[in-house]
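The structure appears below as structure tokens.
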There are 2 protein chains.
Amino acid sequence: MSQAAKTPRASSADAAILQVLRPELRHLTSKQIHTAVRKQLPAISLVTVYRSLERLARAGQVSISDMGTGAVVYARVTESLHHHLICQDCGGIVTIEHAEVGRWFAALSRRHGFKVTTNHLVLFGLCAGCQATHR
Amino acid sequence: MSQAAKTPRASSADAAILQVLRPELRHLTSKQIHTAVRKQLPAISLVTVYRSLERLARAGQVSISDMGTGAVVYARVTESLHHHLICQDCGGIVTIEHAEVGRWFAALSRRHGFKVTTNHLVLFGLCAGCQATHR
DNA sequence: TTTTCACTTGCAAAGATTTGCGTCTGTGCG
DNA sequence: CGCACAGACGCAAATCTTTGCAAGTGAAAA
Ligand SMILES: [Zn+2]
Ligand SMILES: [Zn+2]
Ligand SMILES: [Zn+2]
Ligand SMILES: [Zn+2]
């Protein structure tokens with residue numbers, strides 16, 4: 001609710017990081033997050049950012065994914081999950097909504113009794129254009 | 001030398017690594033591969049192992065996956081692909097055959113014109129037992 | 001055969017991420 | 001208030017992986 005004025009901003013690189021990741025569909029690297037969050041917490045170390053992100057990921061508030069850019073990217077997890085198809089040829093990124101992924105996860109759950117929690121799936125492959133070129 | 005002429009250039013490192021990854025369902029880290037391949041090529045460097053693995057992955061002969069063990073694991077890609085569901089609680093690993101994954105990939109292809117090439121999918125979640133415990 | 005040229009490799013260094021360890025801080029309890 | 005315990009942090013160091021650069025190799029071209 002409101003930013004209660006009773007407890008000082010105690011334990012929270014977490015809050016600052018969630019703030020930085022606020023805009024949806026924003027995928028930032030640890031370094032980018034570190035830089036951005038320093039505006040709020042000038043003295044925060046990169047290690048703390050890593051540990052905070054790990055904590056947030058365990059709590060299901062942040063996703064951690066390797067999108068093939070050399071460094072892992074972090075994103076805020078919201079009600080409306082999304083996933084990606086990344087072309088290994090042109091680097092093109094297709095974003096798909098959770099619905100069609102969730103349906104499949106549900107099927108897996110029925111078949112294997114396993115509840116998938118992966119909240120930001122990244123699949124690599126070839127986009128339509130590159131498939132043609134590849135022929 | 002009596003192999004089909006499909007891949008002309010064969011670096012010795014590549015061949016040795018494929019040899020090491022011969023047994024199916026074997027998932028090794030770069031370090032383990034380096035150690036093993038040194039029996040054939042005593043002087044090979046870890047960097048060469050990494051580059052060779054990257055080359056083999058591009059050629060679709062090796063899969064690269066983060067199975068949550070701290071280091072990426074590499075596996076040989078064979079005709080019969082497989083994938084995994086890993087429980088983030090107990091670490092249990094469920095191996096599933098490609099069929100049910102491939103069906104979904106095919107659906108994605110139809111819907112998005114995107115051909116998925118991910119050949120060793122790893123999904124995290126909760127196994128049946130841990131779901132119960134988690135209640 | 002000699003030249004050419006793309007590809008492979010090693011070494012050192014850089015970059016990315018995790019871990020060990022000691023310190024600090026907030027919370028709950030007496 | 002004063003103490004104990006758990007968790008958060010920083011720093012340095014360890015790991016894991018990638019990259020820059022110069023040298024080595026081998027097969028195709030000349
Ligand atoms: Zn995304
Ligand atoms: Zn493409
Ligand atoms: Zn596997
Ligand atoms: Zn489990």
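The basis for the numbers below is simple: all heavy atoms, side chains too, and nothing from hydrogens, waters or symmetry mates. Sequence lines set the chain letters: A, B, ... in the order given, protein chains first and strands last, and positions in each chain run from 1.
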Please determine whether a side-chain nitrogen or oxygen atom of B:S45 lies at a distance below 4.0 Å from atom OP1 or OP2 of C:dG10. yes
Exercise: do A:T117 and B:Q88 side chains pair donor with acceptor under 3.5 Å: yes
Is any side-chain heavy atom of A:L21 closer than 4.5 Å to a side-chain heavy atom of A:V62? yes
Take atom CE of A:M67 and atom P of C:dA16, then tell me their distance rounded to the nearest Å. 17 Å
Atom-pair distance (CD1 on A:I44; C1' on C:dT25), nearest Å: 16 Å
Mind calculating the distance between CD1 (A:I17) and P (D:dA8) to the nearest angstrom? 12 Å
Report the nucleotide, chosen from D:dC16, D:dC21, C:dT17, that has the shortest atom-to-atom distance to any side-chain atom of B:A71. D:dC16
Value in whole Å for how far the C1' atom of D:dT17 lies from CD of B:Q32: 16 Å
Would you kindly give the CG-to-P distance between B:L46 and C:dA12, to the nearest whole Å? 14 Å
Distance below 4.0 Å between A:S30 side-chain N/O and C:dT17 OP1 or OP2: yes
Looking only at D:dC16, C:dG10, D:dA8, the nucleotide nearest the B:T48 side chain is C:dG10
Please determine, for the side chain of B:V47, which listed nucleotide (C:dT9, C:dT19, C:dC11) has the closest atom? C:dC11
Do the side chains of B:L28 and B:Y74 get nearer than 4.5 Å, heavy atoms only? no
Distance only, no hydrogens: is a donor on one side chain within 3.5 Å (strictly under) of an acceptor on the other, for B:H98 and B:H83? yes
Whole-Å gap separating C1' (D:dT25) and CG (B:D14): 15 Å
At under 4.0 Å, does any side-chain N or O of B:R51 touch on OP1 or OP2 of C:dC11? no
Mind calculating the distance between OH (A:Y50) and P (C:dA16) to the nearest angstrom? 7 Å
Can you work out whether B:G70 or B:A13 has the more 5'-proximal nearest nucleotide on DNA chain C? B:A13
Just the rounded figure in Å: distance from C1' of D:dC16 to CG of A:D66. 13 Å
In terms of side-chain heavy atoms, does A:T95 have a donor or acceptor partner in A:H82 at a distance below 3.5 Å? no
Phosphate OP1/OP2 of C:dA16: any A:K31 side-chain N/O under 4.0 Å: yes
Phosphate oxygens OP1/OP2 of D:dG7: is one of them under 4.0 Å from a side-chain N or O of A:R58? no
